[in-house]
Amino acid sequence: MRALCWNGVNDLRVETVADPALLNPHDAIIKVSLTTTCGSDLHVIDGLIPTMREGDILGHEFMGEVVETGSAVKNIRRGDRVVVPSFISCGSCWYCQHELPSCCDNTNPHWELGEPVLGHATAGIYAYSHAFGGYAGSHAEYVRVPFADNDCFVVPDNVSDRQALFLSDAAPTGYMGADFCNIHPGDTVAVWGCGGVGLMAMQSAWLMGAHQVIAIDRYPERLAMARDYAGAIALDYSKADIHEALLELTGGRGPDSCIDAVGMEARGEGLSQVYDRTKQLLHLETDIGAALRQALYSCRKGGNISILGVYGVMDKFPLGLMINKSLTIRTAQQHGQRYMHRLLDHVAKGELNPAFLATHHFTLEEAPKGYEMFKRKEDGCVRAVFAP
């Protein structure tokens, strides 16, 4: 089959590789219908996530058709149209039973690579380095899905492929971020980052009862999407003092909840950006934490911070600020299995529609071009979608 492979920092090639095979009676093979880029893929491509190997297949956000199942698979069958969360969950360990599937104990065969750094191993994830399991990704014609009964969700007939695609990662991540905010009627929620996850967090905040949603970014086309598709007040951080603007919009108090949907490659301003970028280039830290620091600074006292962006090692983390402002911090890699039925129901009822995230479409052979456009945010690209 054909697949998009990582061959080194910023070296992507579409190559012919072996077809996946069933390795366990609980596996399924999915023929990929659609798969999409994600901002966290850029961390891998740029070499910020260690333990990648030459030839690893990229991609973790996808949907498709079941073409083969193992003998123990009971809940899906050949021909089913399914969406698959990006984190792999066994469904039976303590963490899965407590709705923490991205912390699954049984799906990372390379636990020894992550445990010394994290203290505990996380769940496996498609195409996110060998420290996270070394699983082949979804930018391919076919992909093997372990624990298929737990991780494959049948897509209703009235939900389109494009809608289902973003339920794999962008929508559940954004929805989880809003859920972490403990939103009450009358609340203001500010979201840093108008990419796919940030836009989904904005739509989700409205569903959970927010009174006002504020979007923060610097790209005019993304801010326009936040206004048009998520009903948000748009703030350009390159043109406005975000802290002052947020105080003005909230009667001097600050947002009740702040969501960081940017992560380790945020763009800062002035000396802070120079400091972070220099330390990153010297491999003294992996993260540029400008968005997160701004969110912590601007959130009201006693407010909620929801961190969705991917981070590694950050310098200058303002712990004293968090303590003195009585902030509640919640973060996680996305628990897609927890939210999938809820999300499918929202989409089927027309309450949530993530299809607009698919701004650009490519064949799988054009995937390197799609990633270049996505990385550089050319032509208003929010998500590049590949159809194998």
Side-chain angles (χ1 to χ4, degrees), residues 166 170-220 222-237 239-262 291-309 321-322 325-332 334-335 338-339 342-343 345-354 356-357 382:
F166 296 105
T173 304
Y175 195 89
M176 179 184 73
D179 189 32
F180 283 175
C181 290
N182 191 27
I183 297 169
H184 292 86
D187 277 4
T188 292
V189 179
V191 181
W192 273 256
C194 296
V197 169
L199 291 164
M200 288 294 96
M202 295 171 209
Q203 285 197 354
S204 300
W206 288 118
L207 283 173
M208 296 179 193
H211 172 72
Q212 183 175 233
V213 176
I214 303 167
I216 300 155
D217 208 305
R218 69 185 177 98
Y219 292 96
R222 294 188 174 213
L223 290 167
M225 294 181 80
R227 287 191 297 266
D228 297 343
Y229 292 101
I233 298 168
L235 297 178
D236 182 341
Y237 70 80
K239 297 179 180 179
D241 183 318
I242 295 301
H243 182 66
E244 292 300 321
L246 291 172
L247 290 178
E248 184 175 346
L249 287 166
T250 57
R253 191 171 62 211
D256 300 284
S257 295
C258 295
I259 299 175
D260 169 12
V262 181
L292 178 54
R293 294 187 195 115
Q294 193 174 76
L296 291 164
Y297 186 72
S298 298
C299 191
R300 72 160 168 83
K301 293 176 287 186
N304 299 291
I305 300 291
S306 176
I307 305 173
L308 303 179
L321 179 155
M322 295 156 51
K325 290 179 69 173
S326 302
L327 299 178
T328 297
I329 314 292
R330 292 199 66 184
T331 185
Q334 66 112 343
H335 299 305
R338 178 198 297 184
Y339 297 108
R342 215 181 308 178
L343 287 166
D345 189 52
H346 280 311
V347 174
K349 291 178 178 177
E351 298 167 345
L352 184 75
N353 185 7
F356 73 93
L357 299 178
V382 172

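Computed from a predicted structure; not experimentally measured. What's counted below: heavy atoms across the whole structure, side chains too, no hydrogens, waters or symmetry copies.
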Apply side-chain contact (heavy atoms from CB on, under 4.5 Å) to L296 and D260, showing your working. CA-CA 9 Å; L296 291 164; D260 169 12; over 6 Å; no
For [X] and [Y], work out which heavy atoms get closest and say how close.
X	Y	value
C299	L327	SG-CD2, 4.0 Å
I183	G209	CG2-C, 3.9 Å
V382	R222	CA-NH2, 3.6 Å
M208	A178	SD-C, 3.6 Å
T188	D256	N-OD2, 2.8 Å
A170	L357	CB-CD1, 4.2 Å

Between [atom1] of [X] and [atom2] of [Y], what distance do you get to the nearest 0.5 Å?
X	Y	atom1	atom2	result
I214	C258	CD1	SG	8.5 Å
R330	S257	CZ	OG	11.5 Å
D236	L223	CG	CG	6.0 Å
F166	T173	CZ	OG1	12.5 Å
H335	F180	NE2	CZ	5.0 Å
Y229	M202	OH	CE	14.0 Å

Report the residue from I259, I329, T328 that forms a side-chain contact (heavy atoms from CB on, under 4.5 Å) with I305. I329
Give the intermediate values and the outcome of side-chain contact (heavy atoms from CB on, under 4.5 Å) for residues W192 and Q294. CA-CA 9 Å; W192 273 256; Q294 193 174 76; 2.6 Å; yes
Looking at H243, I want to see if its NE2 is surrounded by more than 12 non-hydrogen atoms of other residues, nucleotides or ligands under 6.0 Å. yes
When you look at CD of E248, are more than 12 heavy atoms from neighbouring residues, nucleotides or ligands closer to it than 6.0 Å? no
Can you confirm whether [X] sits close enough to [Y] that some side-chain heavy atom of one is under 4.5 Å from a side-chain heavy atom of the other?
X	Y	result
I233	Q212	yes
D179	S204	no
M200	P354	yes
L343	Y175	yes

Taking K301 for its side chain and G254 for its backbone only, find out whether a donor-acceptor pair lies under 3.5 Å. no
Tell me whether R300 contacts the main-chain N or O of G302 through its side chain, where contact means a donor paired with an acceptor under 3.5 Å. yes
Would D228 and F356 count as a side-chain contact (heavy atoms from CB on, under 4.5 Å) here? Give the steps. CA-CA 11 Å; D228 297 343; F356 73 93; over 6 Å; no
For D187 and H211, run side-chain contact (heavy atoms from CB on, under 4.5 Å): C-alpha distance rounded to whole Å, both residues' side-chain angles, the deciding distance at 0.1 Å, then the answer. CA-CA 5 Å; D187 277 4; H211 172 72; 5.9 Å; no
